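Below, read A as the first sequence line, B as the second, and so on, with proteins coming before strands; counting in each chain starts at 1. Everything quoted here is computed from the prediction, not taken from an experiment.
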4 protein chains.
Amino acid sequence: MTGRSRGRPRDPQVDDLIMKAALELFVEQGVEGANVERIAKRAGVAKVTIYRRWPSSEALLVQALERARTVVPEERLWAENAGPSDERLMDSWVTTLGDPRYRAVLAQLIGSSTSHPDLLATYREQYLRPRRRLVREALAAGVDPEADVDIDTVIDMVVGAALYRMLVDPGEPSDRDYLAKLVHQANRLLGR
Amino acid sequence: MTGRSRGRPRDPQVDDLIMKAALELFVEQGVEGANVERIAKRAGVAKVTIYRRWPSSEALLVQALERARTVVPEERLWAENAGPSDERLMDSWVTTLGDPRYRAVLAQLIGSSTSHPDLLATYREQYLRPRRRLVREALAAGVDPEADVDIDTVIDMVVGAALYRMLVDPGEPSDRDYLAKLVHQANRLLGR
Amino acid sequence: MTGRSRGRPRDPQVDDLIMKAALELFVEQGVEGANVERIAKRAGVAKVTIYRRWPSSEALLVQALERARTVVPEERLWAENAGPSDERLMDSWVTTLGDPRYRAVLAQLIGSSTSHPDLLATYREQYLRPRRRLVREALAAGVDPEADVDIDTVIDMVVGAALYRMLVDPGEPSDRDYLAKLVHQANRLLGR
Amino acid sequence: MTGRSRGRPRDPQVDDLIMKAALELFVEQGVEGANVERIAKRAGVAKVTIYRRWPSSEALLVQALERARTVVPEERLWAENAGPSDERLMDSWVTTLGDPRYRAVLAQLIGSSTSHPDLLATYREQYLRPRRRLVREALAAGVDPEADVDIDTVIDMVVGAALYRMLVDPGEPSDRDYLAKLVHQANRLLGR
DNA sequence: GAATAAGCGAGACGGTACGTCCCGTCTTAGC
DNA sequence: GCTAAGACGGGACGTACCGTCTCGCTTATTC
């Protein structure tokens, strides 16, 4: 009885077009630029077609970001390469933090988080949390069990310092040398 | 000595009216409600009068919030109390980082930094840098000269972790307990 | 036969609302008061809705006034009454030239003709030319075929004189007596 | 006691600059363009300087137009040349009516006469009335005293026809041939 | 095969805010 | 006193998006 609903079914390709356009505009121009009017125009789609699927441009962006994450799953990469290590951790960070697009996305998300907290929340849950878990695995090996610190605080300090530089003081480099310093201090705290 | 510029000078009282109205609207209705049109109406002021002073409502809000800080400026506080200390450092942080308006401003600045980097730069130079200097003074006392770390990296890690929580994971509290943990780890790194 | 254009068709009732409001404001407050902002507000309509239909309040007023002519269209009147005559000609003129709104429109059109000649041209072709044709018919009856004049020049002189008074010397009346004088001279020239 | 008023006297050259700028802007861009702001800028003068001398841009334009008239006093020209005649009448008309600037001024004046009737009134009294008087003199010679017409009506018809062409139907030429036709018909009416 | 229902692009619609322009008034410094 | 400069409250401008709506057409399912 459930069966197909009556009438013409939605075209799944249209979903793709819309989310692609939404993401492009968001990266290029931020939340302001990623409004329904422009997304519709870029996707070659009627506004109604968007409103039929998502209640707001925010909801659309959330899903678009969710979807985009699945494209490059780093976790898998690491699994194929005999687990994480400090070296691989820094390889990953250098790539990510050096990418201006990465900075742009995170900056836009933070900027819009006052009015649209769901965007940032989605990103955090879908993107940041898994990576954090991997970082924890990488740092967990050889920790002094007596160390006067919980590992999450150390991660906060390392990741926080790196993001602080990238977001707040983009003039200062977040290069491998700097990241190495941070990891070195993390290891000191962890007694590794 | 160029002397007074020609023409009728700007009325400083008008600055007050505008920033007061902007702040009220921001607190009552958020960023969306604090637009130039409404600020002008509430302040009883022409829109042009606002545009003459600030390039956007965002920039206006930055200054309004900066000005509205009810906290006594840390510099003075410290000077009057025989220098900084870990306790006073944390008092100051708890006040600042616990203020949702502070978060909102910094988030907006980061969000707009792709298109308008000057806003963030100004804020960093005018606001963050002096405070960083004070933090360095607070942490410098009793540092182990043999410690395997430079103090700026430690500041990055402490401040970075605090801001990371506030900006990226606002669900987790940046309360005194958490800040105390950070300062404790900083002291471990510095051999204090 | 291009068929119906795509998209939601314009609501003809909205046209009515706008032109009604425009006319009211024009009559009440003159050209200055009949601006787009006020017309939109009085008509309960968005400004864009007006701009979609007319390029300026001026163009809107032209059409509104044209439409609002309470005079029964001369063509019909004459057809129903066995053709034009000097009397009916003057009836029509007295009504038209005595209407301050008619003067206002024509004055505005002439004033804007340096920068926007099309407005005046449209008005001339759509409004004036057909009426001129009727005047020619009215004057053609009983013309002395030997008269040393072409009828269009006579029309120029009669219409020109009437409009000259109305436009340039609005203090002097363009009343029935004056128009009668003009028609009388026209008849002398035409040998009627 | 009358004496000079105290303080620095007004610079009469400034009056010239202002009126010159006002007239230029009026001819180029019409009433809209001839606002105090632009006049002040073009004349290199403060707005206050204008408002001190004239209550409005309208009043300024009135005086500017009055003054401009005195530059080429046609009456005098005729006086020096042994009085007006049909030929000289037409010479004068051909020059005037063929000048696009003349058309522009009159069109602008008529266009603005709804809101600012004084402008047109001044022009009529200062410029048109004297010329009309001269035309009357030119046509008065040799009039049939028995003619069934008063001369002012004939002038209305001739001048009206010429202006009608120039203002309302600028596509049709107001050339010497056409003006000759008009004068010929005027002479017929006057029994000359 | 026809009827029905929903998808779809297009674009009208009432709103709100934008940033600019000009209004006429005012307040300053300098001559 | 008078100038140039420019701030000020006010109001209109024309444009951009908002979210809703109405249209003709298309596409799939159901009867």
Side-chain angles (χ1 to χ4, degrees), chain A residues 3-12 14 32-41 43-53 55-57, chain B residues 3-14 17 32-33 35-41 43-53 55-57, chain C residues 3-14 17 32-33 35-41 43-53 55-57, chain D residues 4-11 14 32-41 43-53 55-57:
Chain A
R4 291 284 281 280
S5 67
R6 302 212 301 173
R8 175 175 171 178
R10 290 187 185 160
D11 183 348
V14 169
E32 314 266 302
N35 61 58
V36 176
E37 203 102 14
R38 290 194 209 170
I39 294 169
K41 177 155 265 179
V45 144
K47 281 198 292 178
V48 153
T49 304
I50 296 178
Y51 281 116
R52 220 174 261 128
R53 291 165 160 80
S56 65
S57 58
Chain B
R4 200 68 170 287
S5 68
R6 300 215 292 179
R8 174 176 174 177
R10 291 188 187 161
D11 184 349
Q13 241 180 325
V14 169
L17 283 171
E32 315 264 304
N35 61 58
V36 176
E37 202 103 6
R38 291 193 208 170
I39 294 168
K41 179 153 267 178
V45 143
K47 281 197 290 179
V48 157
T49 303
I50 296 179
Y51 283 116
R52 235 177 243 128
R53 291 165 159 79
S56 66
S57 55
Chain C
R4 201 66 170 288
S5 68
R6 301 214 291 178
R8 174 176 173 177
R10 291 188 186 160
D11 183 348
Q13 241 182 324
V14 168
L17 283 172
E32 314 264 303
N35 62 58
V36 175
E37 203 103 6
R38 292 193 209 169
I39 293 169
K41 179 152 268 177
V45 142
K47 281 197 289 179
V48 155
T49 303
I50 295 180
Y51 283 116
R52 234 176 245 128
R53 290 164 161 79
S56 65
S57 54
Chain D
R4 288 284 283 279
S5 66
R6 302 207 303 170
R8 172 175 171 182
R10 288 188 186 161
D11 183 350
V14 169
E32 313 265 302
N35 61 58
V36 175
E37 203 103 14
R38 290 194 208 169
I39 294 169
K41 177 155 264 177
V45 143
K47 280 198 293 178
V48 153
T49 305
I50 296 179
Y51 283 116
R52 233 191 290 279
R53 290 163 159 82
S56 66
S57 58

Q.
From C-beta outward on C:Pro9, which listed nucleotide comes closest to its side chain: F:dC23, F:dC8, F:dT3?
A. F:dC23
Q: Give the nucleotide from the list F:dA12, E:dC18, E:dC8 with an atom nearest to the side chain of A:Asp11.
A: E:dC8
(Q) On DNA chain F, does the nearest nucleotide to B:Gly7 precede the nearest nucleotide to C:Lys47 from the 5' side, or the other way round? Give the residue. (A) B:Gly7
Q | Closest-nucleotide ordering on DNA chain F, the 5'-leading residue of A:Val48 and C:Ser57 | A | C:Ser57
Q: Please work out if D:Arg38 contacts a base, only the sugar-phosphate, or nothing of the nucleic acid, heavy-atom cut-off 4.0 Å.
A: sugar-phosphate
Q | Over all atoms of both residues, closest heavy-atom pair of C:Asp11 and C:Arg53 | A | O-NH2, 3.2 Å
Write down the distance between [atom1] ([X]) and [atom2] ([N]), rounded to a whole number of angstrom.
X	N	atom1	atom2	answer
A:Lys41	E:dC8	NZ	P	20 Å
B:Ile39	F:dG9	CD1	P	14 Å
A:Ile50	E:dA10	CD1	C1'	14 Å
C:Glu32	E:dC22	CD	P	15 Å
D:Glu37	E:dT25	CD	C1'	12 Å

For [N], does either OP1 or OP2 sit under 4.0 Å from a side-chain N or O belonging to [X]?
X	N	answer
B:Arg10	F:dA5	no
B:Asn35	E:dT16	no
D:Thr49	F:dA4	yes
D:Arg52	F:dA4	no
B:Arg8	F:dC8	no

Q: For C:Pro12 and for B:Tyr51, locate the closest nucleotide of DNA chain E by heavy-atom distance; then report the residue assigned to the nucleotide nearer the 5' terminus.
A: C:Pro12
Q. Where each residue is assigned the nucleotide of DNA chain E containing its nearest heavy atom, which of B:Val36 and C:Gly44 is assigned the position nearer the 5′ end?
A. C:Gly44
Q: Return the set of residues passing salt bridge (Lys or Arg N to Asp or Glu O under 4.0 Å) with B:Lys47 (not counting sequence neighbours), or none when no residue passes.
A: B:Glu37
Q: List in chain and number order the residues that pass salt bridge (Lys or Arg N to Asp or Glu O under 4.0 Å) with B:Glu32, two or more places apart in sequence or in another chain; answer none if no residue qualifies.
A: none
Q: Using the side-chain contact (heavy atoms from CB on, under 4.5 Å) rule, take D:Ser57 and D:Val36 through it: C-alpha gap first, then chi angles, then the decisive distance, then the call.
A: CA-CA 6 Å; D:Ser57 58; D:Val36 175; 3.8 Å; yes
Q.
Under a 3.5 Å distance rule, please check whether B:Arg10 uses its side chain to pair with a backbone N or O of B:Arg52 as donor and acceptor.
A. yes
